[in-house]
Amino acid sequence: MSFRVLVIPEDPTHNGYILKPLAEMVLAEAGRPAATVTVLTNPRVRGYDQAVSVIRGGLSSRYRFMDLWLFLPDADRASEEAMRSLELELESEGVTLLCCPARPEVEIYACVAYRGELRGSWAEARSNPRLKETVFEPLLQAHGDPRRPGGGRGSMTEKSIAQRRRFFQLCPEIAELRNRIEELLDG
């Protein structure tokens, strides 16, 4: 039986290359290794407000057939209360949505494999309000590939998620997402 998952990023242009392999790994760990993961590109959203608006808007009429929706925004604007409210709102429409804000931003997931190169601790990177510019961009320059789609973000993420146990320790919100998916599938 197929299991179809819609991943909703704040912006698929770059984040999609990080979130697709991440979602595939989480789903495999949760017991759905053959899940079909689709990153939302139509409509193409730009930023947190537009993503939330699209989720609350007509998205359910186009993607209701998906078994699970995952919304992985940057944590700077995605409060726990707002995410829970969004999940409940979609549940009332018959859509299973799980929200998982990335702390501090989605790019942190591509940085895990390169944490030994950080100019500070992992905890400092996880709390850096300018992670994308000050932590991720130098790593992307060193380990990315401008000839590949996404500039190499996907391959950086694949390397980062390769040691899953360590990844879940360093990114506990993703471990919690895996646990929530397992609970959903067991229920």
Side-chain angles (χ1 to χ4, degrees), residues 2-30 32-51 54 59 62-63 66 68-78 100-122 124-171 173-174 177-178:
S2 69
F3 191 73
R4 298 159 302 190
V5 179
L6 179 66
V7 175
I8 305 164
E10 283 187 11
D11 185 343
T13 305
H14 296 300
N15 290 354
Y17 293 102
I18 296 170
L19 294 177
K20 184 172 175 68
L22 176 71
E24 290 170 342
M25 179 273 290
V26 169
L27 288 156
E29 288 289 311
R32 288 290 197 255
T36 301
V37 175
T38 302
V39 175
L40 180 69
T41 58
N42 184 13
R44 182 173 295 278
V45 296
R46 301 273 190 221
Y48 176 81
D49 291 330
Q50 189 177 17
V54 163
L59 200 61
R62 294 174 68 182
Y63 294 99
M66 297 295 227
L68 175 64
W69 292 10
L70 299 176
F71 180 39
L72 293 107
D74 295 339
D76 59 347
R77 308 252 326 270
C100 180
R103 304 205 190 290
E105 300 180 60
V106 167
E107 287 78 8
I108 193 70
Y109 305 134
C111 297
V112 171
Y114 311 99
R115 65 192 178 282
E117 299 175 33
L118 300 177
R119 290 186 182 158
S121 70
W122 180 250
E124 290 170 333
R126 295 264 303 167
S127 63
N128 188 326
R130 295 186 41 82
L131 173 102
K132 194 179 311 179
E133 297 82 8
T134 62
V135 176
F136 176 70
E137 284 297 329
L139 292 174
L140 181 64
Q141 291 297 317
H143 301 285
D145 184 349
R147 298 167 297 168
R148 297 185 70 186
R153 287 167 175 81
S155 59
M156 289 176 67
T157 302
E158 288 170 11
K159 185 172 181 183
S160 291
I161 63 176
Q163 295 181 345
R164 294 176 181 188
R165 192 165 148 197
R166 186 70 177 142
F167 183 89
F168 288 133
Q169 290 172 340
L170 294 168
C171 303
E173 71 275 12
I174 299 299
L177 177 63
R178 177 205 55 209

Colleague: I'd like a table of donor-acceptor pairs (distance under 3.5 Å, sequence neighbours excluded) in which one partner is a side-chain atom from residues 105-112, with atom names and distances.
Modeller:
residue	atom	partner	partner atom	Å
Glu105	OE2	Leu131	N	3.4
Glu105	OE2	Lys132	N	3.4
Tyr109	OH	Glu173	OE2	2.6

Colleague: Do Leu59 and Leu40 come within less than 4.5 Å of each other through their side chains, counting heavy atoms only?
Modeller: yes
Colleague: If you define the side chain from C-beta out and look only at heavy atoms, does anything of Pro43 sit under 4.5 Å from Arg62?
Modeller: yes
Colleague: Just jot down the salt bridge (charged side-chain N to carboxylate O under 4.0 Å, His left out) partners of Arg46, sequence neighbours excluded, or say none.
Modeller: Asp11
Colleague: Of all residues at least two apart in sequence or in a different chain, which pass the side chain to side chain contact (heavy atoms under 4.5 Å, CB included) check with Ala162?
Modeller: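 Applying side chain to side chain contact (heavy atoms under 4.5 Å, CB included) to Ala162 gives none.
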Colleague: Sort and list the pairs that fulfil side-chain hydrogen bond (donor to acceptor under 3.5 Å, both in side chains) and have at least one residue in residues 111-121, not counting sequence neighbours.
Modeller: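 As it turns out, the side-chain hydrogen bond (donor to acceptor under 3.5 Å, both in side chains) pairs with a partner in residues 111-121, which skip direct neighbours, are Glu117-His143.
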Colleague: Short question: side chain of Arg153, backbone of Gly150 - any donor-acceptor pair under 3.5 Å?
Modeller: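 Present.
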Colleague: Are Leu139 and Leu118 packed together at the side-chain level, in the sense that at least one heavy-atom pair is separated by less than 4.5 angstrom?
Modeller: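 They are in contact (side-chain heavy atoms under 4.5 Å apart), so the answer is yes.
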Colleague: Donor-acceptor pair, Arg126 side chain versus Arg103 backbone, under 3.5 Å?
Modeller: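 Yes; judged by distance alone, with no hydrogens or angles, the pair exists.
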Colleague: Kindly indicate whether the side chain of Asp49, heavy atoms from C-beta on, has any atom under 4.5 Å from the side chain of Arg77.
Modeller: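 Yes. Closest side-chain heavy atoms under 4.5 Å.
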Colleague: What do the steps show when you test Val26 against Leu70 for side-chain contact (heavy atoms from CB on, under 4.5 Å), and what is the final call?
Modeller: CA-CA 11 Å; Val26 169; Leu70 299 176; 6.0 Å; no
Colleague: Kindly write out the residues that satisfy side chain to side chain contact (heavy atoms under 4.5 Å, CB included) with Ala78, not counting sequence neighbours, or none if the list is empty.
Modeller: Tyr48, Pro73, Met83, Pro101
Colleague: Restricting to side chain to side chain contact (heavy atoms under 4.5 Å, CB included), what partner residues turn up for Glu158, sequence neighbours left out?
Modeller: Pro21
Colleague: The test is side-chain hydrogen bond (donor to acceptor under 3.5 Å, both in side chains); show your working for Ser155 and Asp145 and say whether it passes.
Modeller: CA-CA 9 Å; Ser155 59; Asp145 184 349; over 6 Å; no
Colleague: Can you tell me if Thr38 uses its side chain to pair, donor with acceptor, with the backbone of Leu6 under 3.5 Å?
Modeller: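 Such a contact is absent between Thr38 side chain and Leu6 backbone.
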Colleague: More than 12 foreign heavy atoms under 6.0 Å from CD of Gln163: is that the case here?
Modeller: no
